[in-house]
Amino acid sequence: MTRSITPATVAPSLLDVQGLNAWYGAAQVVFDAHVQVQRGEVVALVGRNGAGKSSTLKAIMGLMPRRTGRVVFEGHDISQAEPYQAARRGLGYVPEDRRIFTDLTVLENLQLGVQPARCFADGSPAPQWTLAQVFALFPNLAEMQQRPASHMSGGEQQMLTVARTLMGNPLMVLLDEPSEGVAPVIVEQMGEMILALKAQGVSVLLSEQNTNFAQWVSDRSYTLDRGVLVTTA
């Protein structure tokens with residue numbers, strides 16, 4: 001007697017990017033990108049400087065002036081969404097240049113990022129972040145709550161940018177070059193932070209030049225060269 005086998009159900013991707021192209025003016029910088037990230041997964045975009053990693057993240061977030069292709073997040077097509085609309089869906093973005101409010105204190109920057117708790121599409125609660133949880137993840141920030149952000153080091157500002165994004169309770173974080181231009185001790189702390197986010201169920205798509213760092217924190221990676229995804233691992 002032959003027994004029929006029911007195929008295993010494959011969960012839909014949290015982020016599904018198909019045929020993404022993006023331009024700065026007349027110059028195309030992302031070519032037909034296909035990227036998928038599952039719930040609770042850390043995925044890295046790796047490549048040298050100028051390979052198109054940051055541009056890919058910006059295109060996904062809706063920050064590129066011109067883009068084509070399909071971007072689906074949590075079952076919603078955000079291909080033509082404005083950045084604030086993608087953020088409202090639970091997509092967090094941490095830019096390489098940090099973009100903190102330097103005339104505000106650490107605590108004030110964090111309070112500006114607060115958003116209500118979220119749920120995934122299946123109704124299950126997403127990780128919820130409070131000030132106490134953020135300070136447990138970044139003890140350095142807990143010690144400088146009243147410090148103006150302009151009086152922080154580059155690495156401390158990077159931590160603050162990530163922490164402010166977490167206060168928005170994102171379902172997924174786009175993290176641009178977390179190890180770029182910071183001290184080795186901060187690089188290690190950023191790596192531990194990414195692993196802690198994964199442990200709590202937050203998905204991460206990061207761009208990274210440092211292949212050793214990317215291999216440490218990610219489940220798998222895409223390699224880019226001149227805006228083209230050339231390999232996956």
Side-chain angles (χ1 to χ4, degrees), residues 22 24 29 45 49-50 52-65 81-118 127-197 200 202 204-210 213 217:
Y24 286 115
V29 292
L45 302 177
N49 187 34
K53 307 182 301 299
S54 296
S55 297
T56 300
L57 293 188
K58 289 178 181 178
I60 291 171
M61 193 68 198
L63 291 164
M64 297 290 287
E82 295 293 330
Y84 75 89
Q85 295 171 319
R88 286 177 178 174
R89 292 288 184 190
L91 188 59
Y93 174 66
V94 180
E96 181 183 2
D97 56 2
R98 297 159 191 149
R99 305 268 180 104
I100 59 172
F101 296 97
T102 54
D103 56 340
L104 300 181
T105 66
V106 168
L107 182 59
E108 288 169 337
N109 268 275
L110 294 176
Q111 290 170 332
L112 283 175
V114 174
Q115 293 290 324
R118 303 179 191 274
Q128 184 174 357
W129 294 88
T130 63
L131 281 172
Q133 290 171 314
V134 165
F135 288 145
L137 190 62
F138 297 107
N140 293 14
L141 298 183
E143 299 171 359
M144 55 181 74
Q145 297 182 42
Q146 301 306 320
R147 180 179 299 181
S150 59
H151 295 173
M152 304 172 74
S153 69
E156 291 166 345
Q157 290 181 348
Q158 181 78 310
M159 290 182 183
L160 178 58
T161 308
V162 175
R164 184 183 60 189
T165 301
L166 293 181
M167 291 300 295
N169 294 316
L171 305 178
M172 178 177 172
V173 174
L174 305 179
L175 185 55
D176 196 5
E177 299 284 2
S179 74
E180 178 69 16
V182 298
V185 64
I186 302 297
V187 172
E188 184 173 352
Q189 291 176 2
M190 294 299 291
E192 296 291 351
M193 175 274 299
I194 293 170
L195 295 176
L197 293 183
Q200 298 193 43
V202 178
V204 178
L205 177 63
L206 68 135
S207 69
E208 185 57 62
Q209 290 187 61
N210 185 333
F213 180 87
V217 301

Under the side chain to side chain donor-acceptor pair (under 3.5 Å) test, residues paired with Ser207 that sit two or more places apart | Asp176
Tell me, which pairs form a side chain to side chain donor-acceptor pair (under 3.5 Å) where one or both residues lie in residues 106-118, sequence neighbours left out?
-> Thr105-Glu108
Could you tell me which residues satisfy side chain to side chain contact (heavy atoms under 4.5 Å, CB included) with Ala59, sequence neighbours excluded, listed by chain and number?
-> Leu20, Ala22, Met64
Restricting to pairs with a member in residues 155-174, which pass side chain to side chain donor-acceptor pair (under 3.5 Å), not counting sequence neighbours?
-> Ser153-Glu156
Partners passing salt bridge (Lys or Arg N to Asp or Glu O under 4.0 Å) against Arg99 (at least two apart in sequence or in another chain) | Asp97
Any side-chain heavy-atom pair of Val217 and Val204 under 4.5 Å | no
Write out all pairs satisfying salt bridge (charged side-chain N to carboxylate O under 4.0 Å, His left out) with one or both partners inside residues 177-190, taking only residues at least two apart or from two chains.
-> Lys53-Glu177
Test side chain to side chain donor-acceptor pair (under 3.5 Å) applied to Arg89 - qualifying residues, sequence neighbours left out | His76
Calculate, to the nearest 0.5 Å, the distance between atoms CG and CG belonging to Leu141 and Leu107 respectively.
-> 10.5 Å
Spacing of Leu166 atom CG and Gln200 atom CD [to the nearest 0.5 Å] = 9.0 Å
Looking only at non-hydrogen atoms, find the nearest pair between Met172 and Val202 and report the distance.
-> CA-CG1, 4.4 Å
Qualifying residues under side chain to side chain contact (heavy atoms under 4.5 Å, CB included), relative to Ala183, sequence neighbours excluded = Val185, Ile186
Identify, with sequence neighbours excluded, every residue that meets side chain to side chain donor-acceptor pair (under 3.5 Å) alongside Gln133.
-> Thr130
With sequence neighbours left out, the residues meeting ring pair (Phe, Tyr, Trp, His ring centres under 6.0 Å) with Phe135 are none
Quick one: are Leu112 and Met167 in side-chain contact, heavy atoms under 4.5 Å?
-> no
Inter-residue atom distance Leu110.CG - Phe138.CZ, 0.5 Å rounding | 10.0 Å
Supply the atom-to-atom distance Ser179 OG to Leu206 CG, rounded to the nearest 0.5 angstrom.
-> 9.0 Å
Supply the atom-to-atom distance Leu205 CG to Met61 CE, rounded to the nearest 0.5 angstrom.
-> 12.0 Å
Any residue meeting side chain to side chain contact (heavy atoms under 4.5 Å, CB included) with Pro148, in chain and number order, not counting sequence neighbours = Ser150, His151
Separation between CG (Leu45) and CD1 (Ile60), nearest 0.5 Å, reads 6.5 Å
